[in-house]
**Student:** 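What follows is a single structure, and I will ask about it in a moment.
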Amino acid sequence: MKFWMVVSLFTLALAKHERYAGWRSYYVTPATKEQLATLGSLESKLDVDIFVRPRVDREGMVLVKPQYLNEFITAMEEEGIPYSLHTEDVKARLEVDDEQIEARHTEFRSKSTTEKPYDNYVRLEAIYNYTDGIAAKYPNLVTSVTGGNSFEGRPIKYLKISSSNFQNRSKSIIMVEATIHAREWIVPPAATYAIHKLVENLTDPELLENFDWIILPVSNPDGYQYSHTNERFWRKTRSTDQSSLSQLCPGVDGNRNYDIHWSTVGTSNNPCTETYGGSKAFSEVETRIVRDILNEYLDRLTLFITLHSYGSMILYPWGHDGSLSPNAFGLHTVGVTMAEAIQKKSLPNFPTYKVGNSLLVIGYGASGAGEDYAHSIGVPLAYTYELPGLSRGLQGFHLDPKYVRQVAEETWEGIAAGAKHAREIVNRKL
Ligand SMILES: *[C@@H]1O[C@H](CO)[C@@H](O)[C@H](O)[C@H]1NC(C)=O
Ligand SMILES: *[C@@H]1O[C@H](CO)[C@@H](O)[C@H](O)[C@H]1NC(C)=O
Ligand SMILES: *[C@@H]1O[C@H](CO)[C@@H](O)[C@H](O)[C@H]1NC(C)=O
Ligand SMILES: [Zn+2]
């Protein structure tokens, strides 16, 4: 009996990554802007999945599906883009990744210290358990709000953190949104660590004296859950509509679904691709919830940050055509301040952060992104963070769990520095 249970659990675990049989991952190092742009175009052409964003002369990593392997190799050879194999057997490597996470959980259990959601890659329940616990323990400081339910009916929860119950209208509001892309597992630790630093270990009182905070650790809970239970590389939401293609290929890329030059560049109208922008702008309840929060607090919002991975980048508008907003100077200086704060706390084996307009840094355009939308409706400072993935050191598909807390801590330095600098420049304008 016991034997069979063990056997069936084992098969279940193996079956979990079965769908990635035949997938391969490659390092790519574009040498020119043109090569970088070509790589970007493969995202929609060959459904190449850009896992670590490359830059000119900085290696990135991409996932290639078996049916596109030959075309991918041909494209690399024809364009002369330097590439090399990262993992021949994606499925096997994912099993090693799982073991690392499990070993980390075990380490905490054996020390009998509570594992926090910024100590490891954790499941949705652990994140909600943590935020619910914080709201219950600090009722004068923290309010947990359910912005609505996801497509599959999961609550989308965010915390409002304020020493004055959001009543003092001279405070700036800072919003941090995370995990619209499901498989970016390093992101919720960074968001929950921000909560920890504001509520459980406030070392800089100014951050509550002058600011109110909105932190949304998982804006796409369906996708996040699915990336843990079914498909490790799931990126999109889990919605379907009436079209038969959407029944076959559920989900929308939330970061292409905002109403800002929607469905124009760096996105696809094919539901079966990773960058499908949806049947219309804001087709997804998940992005509508972010939109509604932004609109509710717009008059006091000075800084909006959406957290993603990987790339070690701080990006600002406009992403669809690379043009600069009238506030480009402010966007750039605050961006640099945040990157410097992160860098000061970072480790030598982590890549240096790059700051700039998102199209110019990434090398190709994307429309319908959250950061652009927030800025377009009037948030003076809006950014995408691409958190670090160690390039050559990244053997699997996430940083070793021992680095999770490091990333969370250094990211917080960036957010805190950004808040303070944002207030300075926005005040100066008044
Ligand atoms: C839930 O949160 C509480 C308090 O934050 C913690 O003590 C407990 O270990 C957590 N449980 C799980 C399953 O994460
Ligand atoms: C609080 O945070 C500071 C700086 O981030 C750190 O040095 C200190 O160890 C933390 N204290 C606790 C009790 O976690
Ligand atoms: C409201 O916040 C500002 C800082 O933004 C502070 O100077 C002021 O004293 C606060 N007002 C009250 C009534 O607490
Ligand atoms: Zn992302």
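We count ligands from 1, going down the list as the structure has it; atoms in each ligand are counted the same way. The structure displayed is predicted, hence computed values, not measured ones.
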**Student:** I want to check a possible cation-pi pair here: K157 against Y128, using under 6.0 Å from ring centre and within 45° of the ring axis as the test.
**Tutor:** yes
**Student:** Should the proximity of R423 to ligand 3, defined as any heavy atom under 4.0 Å, be assigned to the side chain, the backbone, both, or neither?
**Tutor:**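 Contact part for R423 vs ligand 3: side chain (C-beta onward).
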**Student:** Between D222 and R154, is there a salt bridge with N-O shorter than 4.0 Å?
**Tutor:** yes
**Student:** Please check if a non-hydrogen protein atom sits closer than 4.0 Å to atom 9 (O) of ligand 3.
**Tutor:** no
**Student:** Taking the ring centre of each residue, are Y373 and F282 less than 6.0 Å apart?
**Tutor:** yes
**Student:** Is it true that D299 and R169 have a side-chain N and a carboxylate O under 4.0 angstrom from each other?
**Tutor:** yes
**Student:** Tell me the protein heavy atom at minimum distance from atom 1 (C) of ligand 2, and give that distance in Å.
**Tutor:** N201 ND2, 1.5 Å
**Student:** For ligand 2, find out whether one of its N or O atoms is nearer than 3.5 Å to an N or O atom of Y193.
**Tutor:** no
**Student:** What is the number of protein N/O/S atoms located under 2.8 Å from the Zn ion (ligand 4)?
**Tutor:**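 Total protein N/O/S atoms under 2.8 Å from the Zn ion (ligand 4): 4.
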**Student:** Using a distance threshold of 4.0 Å (strictly less than), state whether atom 13 (C) of ligand 2 has a protein heavy-atom neighbour.
**Tutor:** no
**Student:** For the residue pair K160 and F166, would you count it as a cation-pi contact if the rule is NZ or CZ under 6.0 angstrom from the ring centre and within 45 degrees of the ring axis?
**Tutor:** yes
**Student:** Considering residues at least two apart in sequence or located in another chain, which fulfil the ring-ring contact (aromatic ring centres under 6.0 Å, His included) criterion with Y385?
**Tutor:**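 Here no residue qualifies.
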**Student:** Name the closest protein heavy atom to atom 11 (N) of ligand 3, giving the residue it belongs to and the distance to 0.1 Å.
**Tutor:**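 Here the nearest protein heavy atom works out to N168 ND2, 2.9 Å.
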**Student:** Please check if the number of heavy atoms outside K65 that lie under 6.0 Å from its NZ is greater than 12.
**Tutor:** yes
**Student:** Relative to the heavy atoms of S170, which atoms of ligand 3 are at a distance of less than 4.0 Å?
**Tutor:** 1 (C), 2 (O), 3 (C), 5 (O)
**Student:** Would you say S164 touches ligand 3, if touching means a heavy atom closer than 4.0 Å?
**Tutor:** no
